[in-house]
Amino acid sequence: MVWRNQTLNLDFILLGIFDHRPTHIFLFSLVLGIFTVAFMGNTLMVLLIYLDTQLHTPMYFLLSQLSLMDLMLISTTVPKMAFNYLSGRKSISLAGCGIQIFFYVSLLGAECFLLAVMAYDRYVAICHPLRYTILMNQKRCVFMTVASWILGSLDGIIVLVTALSFPYCSSLEIHHFFCDVAALLPLSCADTSAFEKLLFICCVVMLVLPVSVIIGSYSRVLQAVISMDSKESRRKAFTICSSHLSVVGLYYGAAMFMYMRPASNHTPDQDKMVSAFYTIPTPMLNPLIYSLRNKEVSKGVQKMLRKGKLILYSIFECPL
């Protein structure tokens, strides 16, 4: 009971990823720029898909959920890192650490499943177009999306409760820029080897199962696209699918490198670099990939900008 009371009053130290050398100041400024673009881009995607009735389809609904997850993911880690760097304070409370662990693990897990749902959606749209409205109706689409959120949240709750059940009585310095459970466990004075093995197995399952769905879906999609007679249909299908596959490659490539290796092969600096890659640039690239390579989204953005100009014009030109 004593160690539990001590643990509840702990403040961890996040060693961060940058110091105050000129090169690191530039990199920190770059991260803030990426965060701003990611925050604005994903917010725009969510609002655009919500407001534009022409984008009220299963594919764009799923895309809006991906943008929402990316928006929450980057907001979980970067603001605290920026605050610590600018203020010189590196501490984070146990509650703050727990919040970061829960949202980080939950959002990563939910995104894993959502990307598989998006692959299935493309498979049905291209391979079974006449049955698309039946196989991907609104109720089924919402159900699979909610299931992705719930499965990710369950994973986050399990990891959070287990990680915070260990006593932490050694050095409280976390070799990371946020509270990652893999960086937190080495600080425990209890034996965490069984939990680390279980965590590794869970990560493998949560990565392999969705990847299997994605590979299976796109192998069938590729066969269907190759057999299409219309060049325009092939071009449109390749554009949509290549956008999704680019996101999948960025996300799963880094995640597999991070979580499907034995703990003995991990180093703190390596983990920080890989985590920074798929928690900072990837949320920025997702809306850019989909907006630049998707005519419907580009048209929606142009329509929103025109409406915004008309509203501003009517406000400023309105006589008092």
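All values reported here derive from a predicted model rather than from experimental measurement.
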Problem set entry | Verify same cluster id: Phe83, Tyr104 (apolar side-chain graph, 4.5 Å) | no
Problem set entry | Stepwise side-chain contact (heavy atoms from CB on, under 4.5 Å) check, Leu108 with Cys112 | CA-CA 6 Å; Leu108 286 183; Cys112 276; 5.8 Å; no
Seminar exercise, completed: Heavy atoms of Leu14 and Phe177 approach each other most closely as CD1-O, 4.0 Å
Problem set entry | From CG (Leu160) to CG (Asp155), nearest 0.5 Å | 11.0 Å
For this session: Dump the intermediate steps for side-chain contact (heavy atoms from CB on, under 4.5 Å) on Trp149 and Leu68, then the final yes or no.
Result: CA-CA 11 Å; Trp149 282 98; Leu68 180 60; 3.9 Å; yes
Exercise. When rounded to the nearest 0.5 angstrom, what distance separates CG in Leu222 from CD1 in Ile215?
Worked result: 13.0 Å
Exercise. Do the non-hydrogen side-chain atoms of Leu47 and Thr43 ever get within less than 4.5 Å of each other?
Worked result: yes
For this session: Could you tell me whether a side-chain N or O of Ser75 sits under 3.5 Å from a main-chain N or O of Met72, the two making a donor and an acceptor?
Result: no
Exercise. Quick check, are the ring centers of Tyr85 and Phe28 under 6.0 angstrom apart?
Worked result: yes
Exercise. So, does Asn42 use its side chain to make a donor-acceptor pair with the main chain of Ala38 at under 3.5 Å?
Worked result: yes
Exercise. Are the ring centres of Tyr168 and Phe12 closer than 6.0 Å?
Worked result: yes
Exercise. Do you know which two heavy atoms are closest between Cys179 and Ile92, and how far apart they sit?
Worked result: SG-CG2, 4.1 Å
For this session: Check the pair Phe18, Val31 against side-chain contact (heavy atoms from CB on, under 4.5 Å), reporting the backbone distance first and the verdict last.
Result: CA-CA 11 Å; Phe18 301 123; Val31 166; 3.8 Å; yes
Exercise. Does the side chain of Tyr218 come within less than 4.5 Å of Arg122's, by heavy atoms?
Worked result: yes
Exercise. Mind checking what makes salt bridge (Lys or Arg N to Asp or Glu O under 4.0 Å) contact with Arg131, not counting sequence neighbours?
Worked result: none
For this session: Take Met59 and Met136 through the test side-chain contact (heavy atoms from CB on, under 4.5 Å) and record every step on the way to the result.
Result: CA-CA 9 Å; Met59 183 181 81; Met136 280 299 291; over 6 Å; no
Problem set entry | Crowding at CZ, Phe39 (>12 non-hydrogen neighbours, <6.0 Å) | no
For this session: Could you check if a side-chain atom of Cys141 sits within less than 4.5 angstrom of a side-chain atom of Leu62, using non-hydrogen atoms only?
Result: yes
Exercise. What are the two closest heavy atoms between Ile74 and Pro79, and how far apart are they?
Worked result: O-CD, 3.5 Å
Problem set entry | Ser219 OG to Tyr123 OH distance, which is reported to the nearest 0.5 Å | 9.0 Å
Seminar exercise, completed: Pro129 and Ile126 have their tightest heavy-atom pair at CD-O, 3.6 Å
Exercise. Do the side chains of Ile101 and Ile158 join up, straight or via other hydrophobic residues, at under 4.5 Å, putting them in one cluster?
Worked result: no
Seminar exercise, completed: Smallest heavy-atom separation, Ala116 atom then Val213 atom, equals O-CG1, 3.9 Å
For this session: Would you kindly say whether Tyr132 and Asp121 are connected by a side-chain donor-acceptor distance under 3.5 Å?
Result: yes
Exercise. Is the side chain of His24 donor-acceptor paired with the backbone N or O of Asp19 at a distance under 3.5 Å, no angle test?
Worked result: yes
Exercise. Going from CE on Met81 to OG1 on Thr76, what distance comes out if it is rounded to the nearest 0.5 angstrom?
Worked result: 13.0 Å
Exercise. Can you tell me how far the OG atom of Ser91 sits from the CG atom of Leu172, to the nearest 0.5 Å?
Worked result: 11.0 Å
Exercise. Can any side-chain N or O of Ser148 pair as donor or acceptor with the backbone N or O of Met144 at less than 3.5 Å?
Worked result: yes
Problem set entry | Residue pair Ile174 / Leu187, side-chain heavy-atom distance below 4.5 Å | yes
Exercise. Mind checking whether Leu15 and Ile280 sit in one hydrophobic cluster, side chains of I, L, V, M, F, W, Y counted as touching below 4.5 Å?
Worked result: no
Exercise. Does the side chain of Ser64 reach to within under 4.5 Å of the side chain of Phe61, using non-hydrogen atoms?
Worked result: yes
Problem set entry | Spatial distance of atom CG (Asp70) from atom CG (Leu107) [nearest 0.5 Å] | 9.0 Å
For this session: Might you point out which heavy atoms bring Gly156 and Ser106 nearest each other, and give the distance in Å?
Result: CA-OG, 3.4 Å
Problem set entry | Joint cluster assignment, Phe113 & Ile157, ILVMFWY side-chain distance < 4.5 Å | no
For this session: Scan side-chain atoms only and decide if Tyr50 and His56 contain a donor-acceptor pair under the 3.5 Å cut-off.
Result: no
Exercise. Should Phe143 and Tyr60 be regarded as members of a common hydrophobic cluster, given that ILVMFWY residues are connected when their side-chain heavy atoms come within less than 4.5 Å of each other, either directly or indirectly?
Worked result: yes
For this session: Using side-chain contact (heavy atoms from CB on, under 4.5 Å) as the criterion, list what pairs up with Ala110, not counting sequence neighbours.
Result: Met69
